[in-house]
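Before any comments, here is the structure.
Chain letters run A, B, ... following the sequence lines, proteins first and then strands; every chain starts at 1.
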There are 2 protein chains.
Amino acid sequence: MNILEKFKVDKFYITVDPVIFTVINDELKILLIKRKHPPFQDMFALPGGFIKSNEELEQAALRELEEETGVKNVLLKQLNAYGQIGRDSRGRVISIPFFALINSDKIKLKSKTDAYDAEWVSAYKLPKLGFDHKKIIGDALNYLKSEIQKSNLAFQIMSEKFTFSELQHTYEAVLNEELDKRNFRKKMRELDLLKELKETKMEGAHRPAKLCSFKQKNYFRFAKF
Amino acid sequence: MNILEKFKVDKFYITVDPVIFTVINDELKILLIKRKHPPFQDMFALPGGFIKSNEELEQAALRELEEETGVKNVLLKQLNAYGQIGRDSRGRVISIPFFALINSDKIKLKSKTDAYDAEWVSAYKLPKLGFDHKKIIGDALNYLKSEIQKSNLAFQIMSEKFTFSELQHTYEAVLNEELDKRNFRKKMRELDLLKELKETKMEGAHRPAKLCSFKQKNYFRFAKF
DNA sequence: CCAAAAGTGTTAGTGATACACCCATGT
DNA sequence: ACATGGGTGTATCACTAACACTTTTGG
C-alpha cells in the first residue's frame, strides 16, 4: 500500500479541454461540441474529457480531441488550470485547457456521432456555453492574440503557399481588427519568416499575387519575454 | 452513486507548489524547504503539498505555504501544471505551481519544524532540487522577469517608502542584470506609478535620497499583452 | 576636501503608425 | 476602359539605449 493511500490523500477528477481555433472565411472560429447528454445537454462546450491514469496530460488532450472531433496531429500548448469548486455538477473536477491554432482544411471534422456534434463556431460571437467554458475560451483567446504577435504561430494555420493578403486577413481575423497593408508587409519582411516564391496565384480579374511560404515550421517566439 | 464513480473515471493526486520569490541584500531568493523525509530526503524542494477536496486551488496553496513556511497573506498567480508520469515516485501526481513575489521583511519564516526547514535560497544559484522542481522554478523565474517589466508587480516587494535606488536594485536583482540609472528613473516617472515624497532618507555620508511610495497597490499590467 | 551615492538631459537609433498612389490582370 | 485586388515609400512619433557630470551630505 502506497504512502499516499495510507494517509488517505484526496484524489480528483481531471479533464483536459482542447481550445482549438481556426480561421474560416476570414472569421476566427473555435471548435466546440454540442452536448447530447447532461450536464448542459444541448449546449455547446469544449471537446474535453477525463484523463486516464496512464496518459500524459497532452496525450489525453489529443485523444479527446480526436475522439470527439476527428482532429489530430496538433501542436498543443497548455494553459492555466480551472478548478473552482462547483464548476462541474458531477463532482470536483479540475480542468486543464490546451490551446491550438490549426488549419481547418487539413483536418476533417468527425461526422456527427450519437454523443457529440463537433462544430466550428465564431470565436467572437460565442453561443451559450456549459461549465465555465466561456471563461476558459476568453482566456485562451487572449493568449492567442498575444502569441500570434510574438511568435511565428501563424504558420500553423496557413496552407503551404499563400499570399500576403491571405496572411494579413488571417491576422485580422484573429485580432479582430484591421491592419495596414504596407505596415503589415514591412513587419513580416523584417521578421524574415517568409520565403517569397516566384509563383503567383492567378485568380480573379486583377494583378496576380506572389505566393509565400514559411521558412521555418517549428514554433518559436521573437521576443525574449 | 455519482455518474463519474459509476463509470470508474480515474482520479489523481494534486499538489500545489508555491514558488515564492523575494529580494534580500540585492539578491533574488526563492523560498524552499529542506525535506526531512523521503522522497528526496535532505534535498531542497518547493513548499507544496496535496490539495484537499473541499479547498480551492489557491486556498490550498496558501495553506501549504503557511503550514510549511509561516508565510501568509500573499497574492498568488497560477502557473502551468506539471503532470508527467513518473515525476513523483509516490504515484501519479499533478502539480499546480503558484507564483508570488513578496517582501521578506513583512513575513517571518516558521522556526524549523521536525518535518521541514524553510529557507531563502539564491534563485540564480539553485541547489539540487527534488522532483521536477528545477524546471518549475525556471519557468516561474521567466514569468517573474517578464511580469515585472509589464506590470506594477514590484509594489509587492517594496516597503511602504523606498528610494529610487532601492527600487532599481530590486529590479536588477530580479532581472539579474544592471540597469542605467537615468533611463530607469525616466521610465518609472513615465509609468506614473510612484508618488515622490518630500521626506528624505538620511543615511550614510552622501546626499540624502528622496523617498517614494507606490500610487496604487493593486496589481495591474501596463501592456495589452 | 574627500568619498559616496543622489540626481539630472541629450542624442542617436529603432520600431510603430499614418497615409495615397501606381500596377497587372480579366472582362 | 474599368474594376479589382496587388504592390510600394516616406514622414512622423514614441520608445529605447547609450552616455558623464554636478549635487549634497558625513566624516
### Donor-acceptor pair under 3.5 Å, B:Lys186 side chain vs C:dT8 base
no
### Message
Tell me whether the side-chain N or O atoms of B:Lys210 pair up with the base of C:dG7 as donor and acceptor below 3.5 Å, since no angle test is needed here.
### Response
no
### Message
Between B:Arg189 and C:dT8, is there a contact of a side-chain N or O with OP1 or OP2 at under 4.0 Å?
### Response
yes
### Query
Counting only side-chain N and O atoms of B:Arg182, is one of them less than 4.0 Å from OP1 or OP2 of D:dA18?
no
### Query
Can you check whether B:Glu147 reaches B:Lys150 side chain to side chain, under 4.5 Å on heavy atoms?
yes
### Task
Would you indicate what B:Lys187 reaches in the nucleic acid, counting non-hydrogen atoms under 4.0 angstrom: base, sugar-phosphate, or nothing?
sugar-phosphate
### Task
Please work out if B:Ser165 contacts a base, only the sugar-phosphate, or nothing of the nucleic acid, heavy-atom cut-off 4.0 Å.
sugar-phosphate
### Query
Atom CD of A:Glu199 to atom P of D:dG6: distance rounded to whole Å?
17 Å
### Message
What is the separation between atom CD on A:Glu190 and atom P on C:dT17, rounded to the nearest whole Å?
### Response
12 Å
### Pairing of B:Arg63 and B:Glu67 as salt bridge, 4.0 angstrom limit
yes
### Ion pair check, A:Glu119 and A:Lys29, cut-off under 4.0 Å
no
### Task
Can you figure out which of D:dT24, D:dT25, C:dT25 approaches the side chain of B:Met202 most closely?
D:dT25
#### Entry: Minimum-distance nucleotide to B:His206 side chain [options: D:dT24, C:dA4, C:dG7]
C:dA4
### Ring geometry between B:Tyr143 and B:Phe99 (parallel below 30°, tilted from 30 to 60°, perpendicular above 60°)
perpendicular
